[in-house]
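What follows is a set of notes on a single structure, which appears directly below.
Both counts, for ligands and for their atoms, begin at 1 and track the order of listing.
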Amino acid sequence: MAPAFALLSVAIAAVCFLPPPVVVQACKSVGSNRTFADCSNLPYLSASLSWTYNHTTGTLSIGFAAPPVAAGGWVAWAINPTGKGMVGSQALAAFQGADGKMVVKTYNISSYGPIKESKIAFETADLAAESANGMISIFGTLTVGAHVRTVNQVWQSGASVTNGVPDKHPMDGGHLNSTGILTLTDSVSPAPARESSTGERNGSNLLYFFIFIFLLF
Ligand SMILES: *[C@@H]1O[C@H](CO)[C@@H](O)[C@H](O)[C@H]1NC(C)=O
Ligand SMILES: *[C@@H]1O[C@H](CO)[C@@H](O)[C@H](O)[C@H]1NC(C)=O
Ligand SMILES: *[C@@H]1O[C@H](CO)[C@@H](O)[C@H](O)[C@H]1NC(C)=O
Ligand SMILES: *[C@@H]1O[C@H](CO)[C@@H](O)[C@H](O)[C@H]1NC(C)=O
Ligand SMILES: *[C@@H]1O[C@H](CO)[C@@H](O)[C@H](O)[C@H]1NC(C)=O
């Protein structure tokens, strides 16, 4: 009886203290050998975003991947600090430059109509682009500020580039709906709110365990 009980207790304890299942988000590869803490498939344009955010330094490293509308086209990813759509977007766009190499350019998009390369509201570093298997990837680090919870993201793709300027994107539903909110949780050490909820969960596991033991007697 005693050994059976001990065994049962151990089994129950094992179940109670099992870590919560980790939800692994299946994301398309963003190419190269860069790694990011988080990753999400975006709901339009077959795009995905991988990112690592550091709450302390306020830096957001991203890897965005999407297929251009046609070979020789472009893809872009942006943060819009002032609204939800294209106007106001602080954009990174990638396409093949005149020399055949992939380039990333920044655009402060202040109106509809032709876009012009310009400085953006965020400090940028390590901008790079890659093209492989029909996908273009954009990499870079943006200083978005410390302890930011959410940013409005906008992404886009187009079919062609003329004289180094991305041409207007298609106007179908997917290309008009490609905006959303990106939630920035601290990528390595958990945010304080998360830590406390994990603590409570362990506490309640422990409580259930003792209630169970109590009921056994
Ligand atoms: C709470 O549980 C999680 C996983 O279930 C574990 O990583 C963490 O260390 C535990 N915390 C404490 C205080 O036991
Ligand atoms: C892959 O990682 C190695 C070592 O860190 C680095 O030298 C190389 O440039 C990386 N390759 C790409 C494509 O980023
Ligand atoms: C972006 O454009 C807007 C509107 O023209 C302007 O007010 C803002 O200062 C520009 N931002 C940067 C970083 O140049
Ligand atoms: C875009 O959004 C609108 C309004 O939310 C919706 O009616 C439409 O179906 C969406 N288009 C696509 C292609 O999902
Ligand atoms: C954020 O950056 C600081 C300074 O580089 C570093 O010490 C810290 O470990 C980073 N935090 C995370 C969660 O990576």
Side-chain angles (χ1 to χ4, degrees), residues 22 25 28 30 33-63 66-70 73 75-93 104-127 138-159 165-166 168-199:
V22 176
Q25 173 95 44
K28 290 176 207 77
V30 289
N33 51 6
R34 291 169 173 83
T35 58
F36 296 91
D38 294 292
C39 157
S40 172
N41 286 321
L42 300 175
Y44 297 101
L45 312 181
S46 304
S48 71
L49 185 76
S50 302
W51 73 96
T52 303
Y53 177 60
N54 185 319
H55 266 285
T56 312
T57 58
T59 52
L60 174 65
S61 296
I62 62 111
V69 172
V75 305
W77 183 84
I79 290 176
N80 189 336
T82 57
K84 283 186 177 354
M86 172 174 164
V87 173
S89 287
Q90 305 297 301
L92 308 176
V104 182
K105 292 185 178 179
T106 58
Y107 301 86
N108 171 15
I109 300 173
S110 49
S111 66
Y112 294 104
I115 60 172
K116 205 163 140 246
E117 187 178 5
S118 50
K119 246 181 82 67
I120 59 172
F122 305 107
E123 198 182 300
T124 59
D126 306 324
L127 297 182
I138 301 176
F139 300 101
T141 300
L142 304 179
T143 304
V144 298
H147 307 297
V148 171
R149 286 285 158 204
T150 61
V151 293
N152 295 319
Q153 63 174 335
V154 182
W155 64 99
Q156 204 45 270
S157 62
V165 181
K168 194 170 156 177
H169 60 77
M171 300 298 271
D172 57 80
H175 286 86
L176 297 178
N177 283 6
S178 51
T179 70
I181 291 173
L182 175 64
T183 301
L184 303 175
T185 49
D186 201 317
S187 295
V188 178
S189 44
R194 225 202 250 171
E195 219 161 57
S196 83
S197 78
T198 309

Exercise for review: Would you mind checking which non-hydrogen protein atom is closest to atom 1 (C) of ligand 3, with the distance to 0.1 Å?
Suggested key: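 Protein heavy atom at minimum distance: Asn108 ND2, 1.4 Å.
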**Study point:** Distance from atom 12 (C) of ligand 4 to nearest protein heavy atom, with residue and atom
**Key:**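 The answer is Asn177 ND2, 3.5 Å.
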Ignoring hydrogens, tell whether any protein atom lies closer than 4.0 Å to [atom]; use the non-hydrogen atoms only.
{"atom": "atom 14 (O) of ligand 4", "answer": "yes"}
{"atom": "atom 5 (O) of ligand 4", "answer": "no"}
{"atom": "atom 9 (O) of ligand 3", "answer": "no"}

Close side-chain approach of [X] to [Y], heavy-atom, < 4.5 Å:
{"X": "His55", "Y": "Arg149", "result": "yes"}
{"X": "Lys119", "Y": "Thr106", "result": "no"}
{"X": "Ile62", "Y": "Leu92", "result": "yes"}

Practice item. Would you check if there is a donor-acceptor pair between the side chains of His175 and Ser157 at a distance under 3.5 Å? Key: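 Per modelled atom types, Ser157 and His175 side chains form a pair under 3.5 Å.
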**Study point:** Donor-acceptor side-chain pairing of Asn80 and Gln90 below 3.5 angstrom
**Key:**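 No donor-acceptor contact under 3.5 Å links the two side chains.
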Check your understanding: Counting from 1, what ligand 4 atoms have a heavy atom of Tyr44 closer than 4.0 Å?
Key ->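 Every atom of ligand 4 under 4.0 Å from some heavy atom of Tyr44: 12 (C), 14 (O).
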Check your understanding: Counting each atom of ligand 4 from 1 as listed, which ones have a heavy atom of Gly174 under 4.0 Å away?
Key ->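 Atoms satisfying the 4.0 Å criterion: 13 (C).
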Point to revise | Inter-residue atom distance Phe36.CZ - Leu49.CG, 0.5 Å rounding | key: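 That separation rounds to 8.5 Å.
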Point to revise | Sub-4.0 Å atoms of ligand 3 with respect to non-hydrogen atoms of Ala121 | key: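 It comes down to these atoms of ligand 3: 13 (C).
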Review point. Should you measure from each heavy atom of Ile120, which atoms of ligand 3 turn up under 4.0 Å away?
Key: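 Answer, ordered by atom number: 13 (C).
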**Study point:** Exam field: side chain Ser178 to backbone Trp155, donor-acceptor pair closer than 3.5 Å
**Key:**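 Pair found, side chain donor or acceptor close to backbone of Trp155.
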Review point. Crowded around Glu117 CD? As in, over 12 foreign heavy atoms under 6.0 Å?
Key: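 More than 12 within 6.0 Å, yes.
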Review point. Would one find an N or O of Asn54, backbone or side chain, under 3.5 Å from an N or O of ligand 5?
Key: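 Between Asn54 and ligand 5 (N or O atoms, distance only) the closest approach is under 3.5 Å.
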Exercise for review: Give yes if a backbone or side-chain nitrogen or oxygen of Gln90 is under 3.5 Å from a nitrogen or oxygen of ligand 3, and no if not.
Suggested key: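 So ligand 3 has no N or O lying under 3.5 Å from an N or O of Gln90.
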